[in-house]
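Heads up: the structure comes next, in structure tokens.
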Amino acid sequence: MPNINSDRLWKHLRQLAGIGKNQDGSITRFPFTPQDRQAELLILSFMEEAGLDAGRDAAGNLIGRWIPEGLPAISTTEASPDALSSPVIAGSHYDTVLEGGAFDGCLGLLGAIEAVQTLRENGFTPSCPIYVIGFKDEEGNRFGYGMVGSRSICGRIEPEGLSSRDRDGISLKDAMTAYGLDPSRLADCRIFPVRAMLELHIEQGSVLENTGCTIGIVEGIAGLERHTIRIEGNSAHAGATPMEGRQDPVTAMSRWILEVTRLAKEREHCVATVGSIQVSPGACNIICSSAEFSLDLRSLRDQDRKEIMEEMAAFEEQLIRQERVRITRWMDQEIPSAPCDDRLKSCMEEICQRNSFSFRRLMSGAGHDSMNFSGICPIGMTFVPSVGGFSHRKEEFTSVKDCAAGVQVLMEMILAAQNLPSPMATSHSQVLTSGFREIK
């Protein structure tokens, strides 16, 4: 098995990191901006250098195609009569958050290009199409509506999302139009059927680093729900009101937060976060009249989230009686979990063992483009360590060695994933083995 060219990969990472770079070393590269255009041209040049047929779709996704002779490209809402035409997709996004880093998303995209280039240079050709995709606007930092590119490719774009506006009042639809795209043609972006979706990403946490592992095999992308909770009591003087006579929403809120934290800790691959709190009136010598706070609840099992919120509803009734407060709660957002494919996870373990890469399985608590492919095709995600757990900031860093290891795993997964049963097949018992043909 060939080894990827780590020097070339690192050079490409540094070149892309120079686009949108701020004076403090952070990177801001929002979609549909001059910096985005500059990044597009660079990435397309990398794709062409790798021998890919590179272009851009109506959503602005950058797509590099490697299509075996005799097989047609697929980009249609109808299943191809030739199941061999369904592609394996590998890639990630290349936009950043405000003042972000050089590796989030970019490693997965440039790593996929490097994997394909290495295979081509070593005389391999696929038995099904391989698509390398640079997804447009995953972060959603500019318009507040993320994953525009992968939603479009999966046929899951929401029309109301196009009306989202940035801080200057420019809508996503207008920004795309001004950029030279046609938002009315987003349905044309759909790629179907798909054999598998593979994504390499930095962990964005410190589990791998803390456990000394090189590769993270992602069990799945956590489902998410966000709630706003409002607790109302009675405002009163902090010194003149005895403790037993209070109707303090902050006390009730504190108990609520501790309880939801306890419930999340009892479950594997589950996290609960209260990240925003507002109290009124908010003075040091006044008992608050109200407290309003957020809950971000994530779990690999959607059933866990359901059970936790059912238990919290019962706990709220207890708080209402004991603290004499009023509680209202509403859901702001819900996204189902996206489990990764068991066959791809097992294959990843075999690749790690063959290459002597230390590994462990873990959950992705963050969302990724891959989650939009859930229910459409098998998903495989690979993590590599983030030094210090840093992500979405200028200090974000993954070593050359770990980047190379992740891309090596991705390359060998591309080899294996094309042997998944075709999307039109009914049997799911096929074993993953290398399916590329080496040119003698």
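The first residue in the sequence is number 1, and the count goes up from there. A quick note: this is a predicted structure, and the numbers were derived from the prediction, not measured.
- Heavy-atom minimum distance, Pro129 versus Ile67: CB-CG1, 4.3 Å.
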>> side-chain contact (heavy atoms from CB on, under 4.5 Å), that's the test. Do Ile221 and Leu300 meet it? Break it down for me.
In response: CA-CA 6 Å; Ile221 302 170; Leu300 203 54; 5.9 Å; no

>> Could you walk me through whether His269 and Asp304 satisfy the side-chain hydrogen bond (donor to acceptor under 3.5 Å, both in side chains) test, starting with their C-alpha distance in whole Å, then the side-chain angles of each, then the deciding distance to 0.1 Å, before giving a yes or no?
In response: CA-CA 9 Å; His269 302 313; Asp304 284 344; over 6 Å; no

Please list, one pair per line, the donor and acceptor atoms closer than 3.5 Å that link side chains of residues 365-381 to other protein atoms, with sequence neighbours excluded.
residue: His368; atom: NE2; partner: Ser364; partner atom: OG; Å: 3.0
residue: Asp369; atom: OD1; partner: Ser150; partner atom: OG; Å: 2.7
residue: Ser370; atom: OG; partner: Glu199; partner atom: OE1; Å: 2.5
residue: Asn372; atom: ND2; partner: Ser150; partner atom: OG; Å: 2.8

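- Closest approach of Asp36 to Phe30, counting heavy atoms only: CB-O, 3.4 Å.
- With Arg29 contributing its side chain and Ala39 its backbone, the two residues share no donor-acceptor pair below 3.5 Å.
- Between the side chains of Glu49 and Ser45, no donor-acceptor pair is found at a separation under 3.5 Å.
- At a cut-off of 3.5 Å, with distance as the only test, no side-chain donor of Thr398 or Asp402 sits close to an acceptor on the other residue.
- When each of Asp53, Ile63, Leu42, Val132 is paired with Met47, the side-chain contact (heavy atoms from CB on, under 4.5 Å) condition holds for Val132 and for no other.
- A donor-acceptor pair is defined here as one N or O able to donate and one able to accept, closer than 3.5 Å; no such pair exists between the side chain of Asn22 and the backbone of Asp24.
- Atom-to-atom distance recorded for Ile157:CD1 and Met147:CE is 11.5 Å, nearest 0.5 angstrom.
- Contact annotation: the side chain of Asp57 never approaches that of Leu62 to less than 4.5 Å [non-hydrogen atoms, C-beta and beyond].
- Of all heavy-atom pairs between Leu13 and Ala102, the closest is CD2-O, 4.2 Å.
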>> Does Ile217 form a side-chain contact (heavy atoms from CB on, under 4.5 Å) with Arg360? I'd like the steps, not just the answer.
In response: CA-CA 6 Å; Ile217 299 172; Arg360 64 165 292 157; over 6 Å; no

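- Side chains of Glu99 and His392: a donor-acceptor N/O pair is absent below 3.5 angstrom, by distance only.
- Between the side chains of Glu412 and Asn355, at least one donor-acceptor pair of N or O atoms lies under 3.5 Å.
- Under the 3.5 Å distance criterion, the side-chain polar atoms of Ser206 are left unmatched by any main-chain donor or acceptor of Glu209.
- Pairing each heavy atom of Cys128 with each of Arg195, the nearest pair is SG-NE, 3.8 Å.
- Electrostatic pairing of Glu259 and Arg255 does not count as a salt bridge here, judged by no charged N lying under 4.0 Å from a carboxylate O.
- Under the 3.5 Å distance criterion, with hydrogens and angles disregarded, no donor-acceptor pair is assigned to the side chains of Gln353 and Glu349.
- Looking at residues two or more places apart in sequence or on another chain, you find no salt bridge (Lys or Arg N to Asp or Glu O under 4.0 Å) involving Lys173.
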>> Does Val194 form a side-chain contact (heavy atoms from CB on, under 4.5 Å) with Ser86? I'd like the steps, not just the answer.
In response: CA-CA 5 Å; Val194 177; Ser86 58; 6.0 Å; no

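- No side-chain heavy atom of Trp330 sits less than 4.5 Å from a side-chain heavy atom of Ile229.
- A donor-acceptor pair is defined here as one N or O able to donate and one able to accept, closer than 3.5 Å; such a pair exists between the side chain of Asp341 and the backbone of Arg343.
- Using cut-offs of 30° and 60° for the angle between ring planes, the Phe143 and Phe32 rings count as tilted.
- Arg8 is not listed as a side-chain neighbour of Phe46, based on a closest heavy-atom distance of 4.5 Å or more.
- Here the side chains of Thr228 and Arg329 are not in contact, with every heavy-atom distance at 4.5 Å or above.
- With 3.5 Å as the limit, one finds a donor-acceptor pair spanning the side chains of Tyr145 and Glu158.
- Side chains of Phe383 and Ile215 form no contact here, defined as non-hydrogen atoms less than 4.5 Å apart.
- For the side chain to side chain contact (heavy atoms under 4.5 Å, CB included) test, residues two or more places apart in sequence or in another chain that qualify with Ser276 are Gln278, Ser294.
- In this structure a side-chain-to-backbone donor-acceptor pair under 3.5 Å is missing from Ser337 to Pro339.
- Checking side-chain atoms of Arg267 against main-chain N and O of Leu263 turns up a donor-acceptor pair under 3.5 Å.
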>> Checking Leu107 against Leu200 for the side-chain contact (heavy atoms from CB on, under 4.5 Å) test, could you report, in this order, the C-alpha distance in whole Å, the side-chain angles of both residues, the deciding distance, and whether it holds?
In response: CA-CA 7 Å; Leu107 174 61; Leu200 169 66; 4.0 Å; yes

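- Judged by distance alone, the side chains of His201 and Glu203 never bring a donor and an acceptor atom under 3.5 Å apart.
- The side-chain heavy atoms of His93 and Leu109, taken from C-beta on, include no pair separated by under 4.5 Å.
- Between the side chain of Arg305 and the main chain of Leu297, no donor-acceptor pair closer than 3.5 Å is present.
- Looking at Arg37 and Glu40, a side-chain N of the basic residue comes within less than 4.0 Å of a carboxylate O on the acidic one, giving a salt bridge.
- Applying the side-chain hydrogen bond (donor to acceptor under 3.5 Å, both in side chains) test to Thr382 and every residue at least two apart in sequence or in another chain returns nothing.
- Remark: Arg151 is not positioned above the aromatic ring of Phe135, lacking an NZ or CZ atom under 6.0 angstrom from the ring centre and at most 45 degrees off the axis.
- Of the possible donor and acceptor atoms, one in the side chain of Gln418 sits under 3.5 Å from a partner among the backbone N and O of Ser127.
- The pair Lys345-Glu219 counts as a salt bridge, with a side-chain nitrogen and a carboxylate oxygen less than 4.0 angstrom apart.
- Of all heavy-atom pairs spanning Leu9 and Ile4, the tightest one is CD2-CD1, 4.3 Å.
- For an aromatic pair to be called close, the ring centres must be under 6.0 Å apart, and Phe390 with Phe397 fails this.
- In this structure, Glu334 does not pair ionically with Arg226, as no charged nitrogen and carboxylate oxygen lie closer than 4.0 Å.
- Judged purely by atom type and a 3.5 angstrom limit, Glu396 has no side-chain atom pairing as donor or acceptor with the backbone of Val387.
- Electrostatic pairing of Arg142 and Asp95 does not count as a salt bridge here, judged by no charged N lying under 4.0 Å from a carboxylate O.
- With hydrogens and angles disregarded, a donor-acceptor distance shorter than 3.5 Å links the side chain of Glu114 to the backbone of Asn5.
- Using modelled atom types, one finds a donor on one side chain and an acceptor on the other under 3.5 Å when comparing Ser171 with Asp174.
- Counting only heavy atoms from C-beta outward, the side chains of Ser290 and Ile231 never approach each other to under 4.5 Å.
- Relative orientation of the Phe293 and Trp256 rings is perpendicular, given thresholds of 30° and 60° on the angle between their planes.
- Taking all atoms of both residues into account, the shortest heavy-atom contact from Ser386 to Gln204 is OG-N, 2.9 Å.
- Remark: Arg298 engages Asp296 in a side-chain hydrogen bond (donor to acceptor under 3.5 Å, both in side chains) (not counting sequence neighbours).
- Counting non-hydrogen atoms of other residues, nucleotides and ligands closer than 6.0 Å to CD of Glu268 gives a total of 12 or fewer.
- For Ser184, the side-chain hydrogen bond (donor to acceptor under 3.5 Å, both in side chains) partners two or more places apart in sequence, or in a different chain, are Asp182.
- Looking only at side-chain heavy atoms (C-beta outward), Leu410 and Leu198 come within less than 4.5 Å of each other.
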